[in-house]
Amino acid sequence: LKKLSEMPLDFWVHAELRGLDPKLPCGTLETAAVNRALAVAVEAVKPDMTPEELAAIEKTWREYGLQTNANWIRTKIAPHNFTAVISSGTLWAAKYFGDKEAEATALYGLKYYLDNCFETDGSYQEGASYFTYPVTNLVNAALVMTPEQVQEYFGRSYLKDSMSWRLYG
């Protein structure tokens, strides 16, 4: 984790693959995966870290991980699987930090995805091969949501009808 805290912004947002706008850096899929992994890993190793090590990883993670994913949701959100993945990773990091603004941004992204990517019959606009990846990330998001949030976001979504589409579509 110490090494990760020393990595530059272009590493965190995978600039070589995704590009980098230094005025408004946006993390995408890879950053979201790091956010989710760190939410678990940092919590697990906190007792073994010095206060300085913890402060260093949290500072870098918040700025280069959490905020860059939140930037993507605020400025580049679109009706495809990136939105589910990035919103989930952002939610995990927001919950770790207790960042209510970032949490609201992540929940906005999840709602946008659920409202815009499933048809009334539960079918998924990107097709069956792209279905599993975002839905797995939705499950990951639900793990850190309150029961009321799960009901609010998933209970009214056409996602609930997607199993029939997957089986018979």
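Reckoned from all heavy atoms, side chains included, excluding hydrogens, waters and symmetry mates. Predicted model only: the values in this text are computed from it and were never measured. Start at 1 with the first residue, then count along the sequence.
Evaluation of the side-chain contact (heavy atoms from CB on, under 4.5 Å) rule for Gln151 yields no partner, not counting sequence neighbours. Partners of Ala55 by side-chain contact (heavy atoms from CB on, under 4.5 Å), not counting sequence neighbours: none found. Not counting sequence neighbours, the partners of Ala102 by the side-chain contact (heavy atoms from CB on, under 4.5 Å) test are Leu66, Ala94, Asp99. Remark: Tyr112 pairs with no residue by the ring pair (Phe, Tyr, Trp, His ring centres under 6.0 Å) rule, at least two apart or across chains. Every residue two or more places apart in sequence or in another chain that forms a side-chain contact (heavy atoms from CB on, under 4.5 Å) with Lys76 is listed here: Cys26, Trp72. With sequence neighbours excluded, the residues satisfying side-chain hydrogen bond (donor to acceptor under 3.5 Å, both in side chains) with Asn71 are Arg74. Under the ring pair (Phe, Tyr, Trp, His ring centres under 6.0 Å) criterion, Trp92 pairs with no residue, sequence neighbours left out. Applying the ring pair (Phe, Tyr, Trp, His ring centres under 6.0 Å) criterion to Phe97, with sequence neighbours excluded, gives Trp61.
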Please output the side-chain donor-acceptor pairs of residues 152-159 that fall under 3.5 Å, not counting sequence neighbours, one pair per line with the distance.
unit_1: Arg156; atom_1: NE; unit_2: Glu152; atom_2: O; d: 3.4
unit_1: Arg156; atom_1: NH1; unit_2: Asp115; atom_2: OD1; d: 3.2
unit_1: Ser157; atom_1: OG; unit_2: Leu159; atom_2: N; d: 2.9

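Atoms CG and CG, on Leu38 and Leu4 in that order, are 5.5 Å from each other to the nearest 0.5 Å. Rounded to the nearest 0.5 Å, atoms OG1 (Thr68) and CD1 (Ile73) are 10.0 Å apart. We find the CD1-NZ distance between Ile57 and Lys46 to be 12.5 Å, quoted to the nearest 0.5 Å. Note that CG of Leu114 and OG of Ser87 are 9.0 Å apart. Values are rounded to the nearest 0.5 Å. Note that the NZ atom of Lys59 and the OG atom of Ser5 stand 10.0 Å from one another [nearest 0.5 Å]. The distance from atom NZ of Lys95 to atom CD of Glu103, rounded to the nearest 0.5 Å, is 4.0 Å.
Hydrophobic clustering of Ile, Leu, Val, Met, Phe, Trp and Tyr side chains at less than 4.5 Å, counting indirect connections, unites Tyr113 with Leu143. Tracing side-chain contacts under 4.5 Å through hydrophobic residues (I, L, V, M, F, W, Y), one never reaches Val139 starting from Val150; they form parts of separate clusters. A single hydrophobic cluster is not seen to contain both Leu29 and Val135; linkage of ILVMFWY side chains at heavy-atom distances under 4.5 Å, directly or through other members, places them apart. Under the 4.5 Å side-chain heavy-atom criterion for Ile, Leu, Val, Met, Phe, Trp and Tyr, Met7 and Leu9 are members of the same hydrophobic cluster. Hydrophobic clustering of Ile, Leu, Val, Met, Phe, Trp and Tyr side chains at less than 4.5 Å, counting indirect connections, keeps Tyr130 apart from Phe82.
For the residue pair Leu110 and Ala141, the shortest heavy atom distance occurs at CD1-CB, 3.9 Å.
A salt bridge does not link Glu6 to Lys3: none of the charged nitrogens lies less than 4.0 Å from a carboxylate oxygen.
Residues Arg36 and Ser88 form a side-chain contact, since some pair of their non-hydrogen atoms from C-beta on lies under 4.5 Å apart. Between Asp161 and Asp121 the shortest side-chain heavy-atom distance does not fall below 4.5 Å. Using a 4.5 Å heavy-atom threshold, the side chains of Glu53 and Leu1 count as separate. Counting heavy atoms from C-beta on, the side chains of Phe131 and Phe118 come closer than 4.5 Å. Inter-residue side-chain proximity for Asn81 and Tyr124 is flagged as met; some heavy-atom pair is nearer than 4.5 Å.
Applying the salt bridge (charged side-chain N to carboxylate O under 4.0 Å, His left out) test to pairs two or more places apart or on separate chains, none has a residue in residues 132-150. Under the side chain to side chain donor-acceptor pair (under 3.5 Å) criterion, the residue pairs touching residues 14-33 are Arg18-Thr28, Arg18-Glu30, Thr28-Glu30, with sequence neighbours excluded.
Taking Ile, Leu, Val, Met, Phe, Trp and Tyr as members and joining any whose side-chain heavy atoms lie under 4.5 Å apart, directly or through other members, Leu24 forms no hydrophobic cluster with any other residue.
Residue-environment remark: NZ (Lys160) exceeds the threshold of 12 foreign heavy atoms within 6.0 Å.
Aromatic ring centres of Tyr64 and Phe11 lie farther apart than the 6.0 Å criterion allows.
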- Query: Yes or no on side chain to side chain donor-acceptor pair (under 3.5 Å) for Tyr96 and Glu58, after CA distance, side-chain angles and deciding distance?
  - Reply: CA-CA 10 Å; Tyr96 173 88; Glu58 286 183 339; 2.4 Å; yes
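In summary, of the residues considered (Ile86, Thr105, Leu91, Val85), a side-chain contact (heavy atoms from CB on, under 4.5 Å) with Asn69 occurs for Ile86 alone.
Under the 3.5 Å distance criterion, the side-chain polar atoms of Gln149 are matched with a main-chain donor or acceptor of Thr146. Looking only at distances, no side-chain donor or acceptor of Thr83 sits under 3.5 Å from a matching main-chain atom of Pro79.
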